[in-house]
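Structure, as structure tokens:
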2 protein chains.
Amino acid sequence: MAPTKAPDSSRRSDRSRRAIHDAALALVTEVGYRRTTIEGIAARAGVGKQTIYRWWPSKAAVLMDAFLDLAGRSAEGAGSGGEAQSDEAAQGIPDTGDLVADLKLVLRATVDELNDPVLEAPTRALTAEGIVDAKLGAEFVHRLLDPQLALYVTRLRAAQEAGDVRAGVDPRIALELLIGPLMHRWLLRTLPLTHAYADEIVDYAVGGLAPRP
Amino acid sequence: MAPTKAPDSSRRSDRSRRAIHDAALALVTEVGYRRTTIEGIAARAGVGKQTIYRWWPSKAAVLMDAFLDLAGRSAEGAGSGGEAQSDEAAQGIPDTGDLVADLKLVLRATVDELNDPVLEAPTRALTAEGIVDAKLGAEFVHRLLDPQLALYVTRLRAAQEAGDVRAGVDPRIALELLIGPLMHRWLLRTLPLTHAYADEIVDYAVGGLAPRP
DNA sequence: CCCGCGAGCCGATACGTATCGTCTTGCAAG
DNA sequence: CTTGCAAGACGATACGTATCGGCTCGCGGG
């Protein structure tokens with residue numbers, strides 16, 4: 001009956017947790033997701049296998065936590081000092097009044113992140129895993145993607161109030177018009193992902209969202 | 001030196017090939033990609049393991065051929081009688097002169113395909129594998145995606161000549177404005193993928209591509 | 001025309017390796 | 001003294017390779 005009672009997290013070793021995160025990220029970028037094994041992570045982290053199995057249900061879960069930890073750490077110091085969440089999440093999308101310029105700025109930054117060799121392998125691995133595993137995918141979307149997308153919703157709503165976007169447009173759909181093409185090209189590698197591409201997407205998309213004359 | 005000489009394909013058993021295709025597709029939809037094994041496929045198909053290893057380099061390659069075979073078979077009879085390639089590939093995108101209506105028709109059909117439970121599991125598995133494995137991804141794009149996308153390019157060029165799309169627009173980018181959001185929502189399961197969504201995407205995208213007044 | 005023969009794919013299965021997830025053992029931190 | 005921890009033994013799969021007869025071809029001598 002006892003549903004495998006949870007271990008006492010207050011006694012958990014932070015040192016081991018971090019070592020496991022680092023080892024997981026390093027292995028994924030070095031040998032790829034398929035060939036990173038739990039045993040390999042444990043060995044590299046100087047940790048017993050059981051310590052991993054005690055705290056995480058799967059290899060993907062380890063990588064997800066490691067990735068979130070990485071994103072959180074790289075954002076520290078960029079925020080106003082409090083609890084930053086992620087690079088963009090901490091500061092939001094700028095609102096200079098020029099919607100096109102603001103979006104280009106953010107989408108260019110997204111392009112740079114996607115092309116960053118350090119982030120590429122873990123991001124691809126998690127995305128791919130989420131595509132096949134609905135449960136993990138939901139967690140990925142909820143913990144990583146949704147917070148980012150919420151920023152677009154905010155900025156697009158402001159644009160609607162400013163009259164740059166038609167009132168009837170659903171921000172959730174407008175946002176996908178921007179992000180979708182970027183992700184599509186990155187995921188499927190159909191063509192190179194460049195700043196110029198991001199700019200064109202913004203130009204076309206905003207054109208379709210603007211009020212009819 | 002002899003680079004593992006290729007087997008004689010003229011003596012290949014078509015019966016085994018088809019049995020392997022069917023078993024692979026069935027297992028992927030039944031137990032998921034991760035838990036379909038080469039041994040499982042061989043057992044289900046009533047085939048020796050070596051027969052699979054002789055003709056395919058990996059589990060993903062088996063599934064890719066099986067999927068292409070499935071797509072090809074389901075399109076037979078729909079084409080003009082000759083060598084049909086795929087449902088849409090055989091007939092192309094209609095050109096009634098109404099760009100919005102034509103695109104909605106095709107994107108709705110794509111939505112239906114993506115929501116088809118028979119096609120969903122193999123498509124997700126192949127896409128996910130291609131995201132992580134660049135070599136396989138390139139093959140996936142080349143054999144499956146590019147032929148489909150070429151149809152959009154054709155239709156969009158016609159729209160440019162008809163004056164429905166600005167002359168400066170690159171069809172390869174315009175097409176991603178349509179397909180990208182659809183794939184993004186389907187892959188990441190952010191929100192349900194419906195006909196209404198396809199319609200809105202077409203409305204917004206075409207609005208952004210149309211000539212400036 | 002016919003039959004024997006070698007080549008090669010086929011189903012089947014044994015083999016050694018790798019990874020999995022669980023379980024056990026001491027040890028040291030709390 | 002309780003419990004997480006490092007280390008690793010353990011059975012269970014799945015991997016990819018190597019053979020083994022059995023069967024079906026194509027070919028060439030009779």
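Keep in mind the model is a prediction, meaning the values are calculated, not measured. Convention: sequence-line order gives letters A, B, ...; per-chain numbering from 1.
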Does H142(B) NE2 have over 12 foreign heavy atoms under 6.0 Å away? no
Count the heavy atoms of every other residue, nucleotide or ligand shown that sit under 6.0 Å from CZ of R143(B), and state whether that count exceeds 12. yes
Rounded distance in Å - [atom1] ([X]) to [atom2] ([N]):
X: K59(B); N: dG16(D); atom1: NZ; atom2: C1'; answer: 14 Å
X: R34(A); N: dC20(C); atom1: CZ; atom2: C1'; answer: 14 Å
X: I52(B); N: dA14(D); atom1: CD1; atom2: P; answer: 14 Å
X: D8(B); N: dC27(D); atom1: CG; atom2: P; answer: 12 Å

Quick one: label R54(B) by what it contacts on the DNA or RNA (base, sugar-phosphate, nothing), any heavy atom closer than 4.0 Å. base
Between atom CG of L175(B) and atom OG1 of T190(A), what is the distance when rounded to the nearest 0.5 Å? 8.5 Å
For nucleotides 22-30 of chain C, list the nitrogen or oxygen atoms of the protein found under 3.5 Å from its nitrogen or oxygen atoms, one pair per line.
from, atom 1, to, atom 2, distance (Å)
dC23(C), N4, Q50(A), OE1, 2.6

Donor-acceptor under 3.5 Å ([X] side chain, [Y] main chain):
X: E113(A); Y: L119(A); answer: no
X: N115(B); Y: L193(B); answer: yes
X: D102(A); Y: I93(A); answer: no
X: R172(A); Y: V153(A); answer: no
X: R124(A); Y: Y33(A); answer: no

Are any of W55(B)'s side-chain N or O atoms less than 4.0 Å away from OP1 or OP2 of dC10(C)? yes
Can you check whether T51(A) has a side-chain N or O nearer than 4.0 Å to OP1 or OP2 of dA6(D)? yes
For DNA chain C, the residues among residues 35-44 of chain A that have a non-hydrogen atom under 4.0 Å from it: T37(A), I38(A), E39(A)
